[in-house]
Amino acid sequence: MHPKYMDGDTLIIRIQPDCESGQDAVVYINGYDATLKEVIKKRDCIILQPLNPTYEPRICSYNDEDEPIKILGVVVEIRRKV
């Protein structure tokens, strides 16, 4: 998630079942794989956009039974030691 988030950062996550488009959120994929991504909501899909440009975005259907996604919460604060 570099450059926005760096090694050693502590992220404070507000637990909530949904997020606004454009927010950074912790998202479960397949019910157990957690990832931190920018969530972009479209009419027919959700795009999980990595902040690291070397990775490709992941496009997920709202009703995908094979790879269901669930929002765990959103980033509300970054704590960084100097």
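These figures come from a predicted structure and were not determined experimentally.
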Which atoms form the tightest heavy-atom contact between Arg80 and Tyr5, and what is the distance?
-> NH2-CA, 4.2 Å
Can you list the residues that meet the side-chain contact (heavy atoms from CB on, under 4.5 Å) rule with Leu72, with sequence neighbours excluded?
-> Ile15, Val26, Tyr28
Any donor-acceptor pair under 3.5 Å from Asp33 side chain to Asn30 backbone | no
So if you build clusters from Ile, Leu, Val, Met, Phe, Trp, Tyr with side-chain heavy-atom gaps below 4.5 Å, do Ile71 and Leu48 land together?
-> yes
Check against side chain to side chain contact (heavy atoms under 4.5 Å, CB included), Lys41 and Tyr62 | CA-CA 10 Å; Lys41 294 183 175 183; Tyr62 284 107; 3.7 Å; yes
Does CD in Glu56 sit with more than 12 non-hydrogen atoms of other residues, nucleotides or ligands closer than 6.0 Å?
-> no
Between Glu77 and Arg79 the two heavy atoms that sit nearest each other are OE2-NE, 2.8 Å
Who passes side-chain contact (heavy atoms from CB on, under 4.5 Å) against Lys42, sequence neighbours left out?
-> Ile40, Asp44, Cys45, Ile47
Just how far is it from atom OG of Ser21 to atom CD of Gln49, taken to the nearest 0.5 Å?
-> 11.0 Å
Report the C-alpha separation of Val76 and Ile13 in whole Å, then their side-chain angles, then the decisive distance to 0.1 Å, and conclude whether the side chain to side chain contact (heavy atoms under 4.5 Å, CB included) test is met.
-> CA-CA 6 Å; Val76 294; Ile13 307 295; over 6 Å; no
Which pair of non-hydrogen atoms, one from Pro50 and one from Pro57, has the smallest distance, and what is that distance?
-> CD-CA, 3.6 Å
Can you check salt bridge (charged side-chain N to carboxylate O under 4.0 Å, His left out) on Asp24 and Lys4, steps first, answer last?
-> CA-CA 11 Å; Asp24 294 345; Lys4 190 172 189 178; 2.8 Å; yes
Flag yes if Ile29 and Val39 sit in one hydrophobic cluster, no otherwise; membership is Ile, Leu, Val, Met, Phe, Trp, Tyr, and two members link when side-chain heavy atoms are under 4.5 Å apart.
-> yes
Tell me whether Ile59 is reachable from Ile69 by hopping between hydrophobic residues (I, L, V, M, F, W, Y) whose side-chain heavy atoms are closer than 4.5 Å.
-> no
So how far is it from Tyr55 OH to Thr35 OG1, rounded to the nearest 0.5 Å?
-> 10.5 Å
Indicate the atoms forming the closest heavy-atom contact of Asp18 with Val74, along with that distance.
-> O-CG1, 4.3 Å
Lys70: partners by salt bridge (Lys or Arg N to Asp or Glu O under 4.0 Å), with sequence neighbours left out | none
Asn52 side-chain N/O to Thr54 backbone N/O, donor-acceptor pair under 3.5 Å | yes
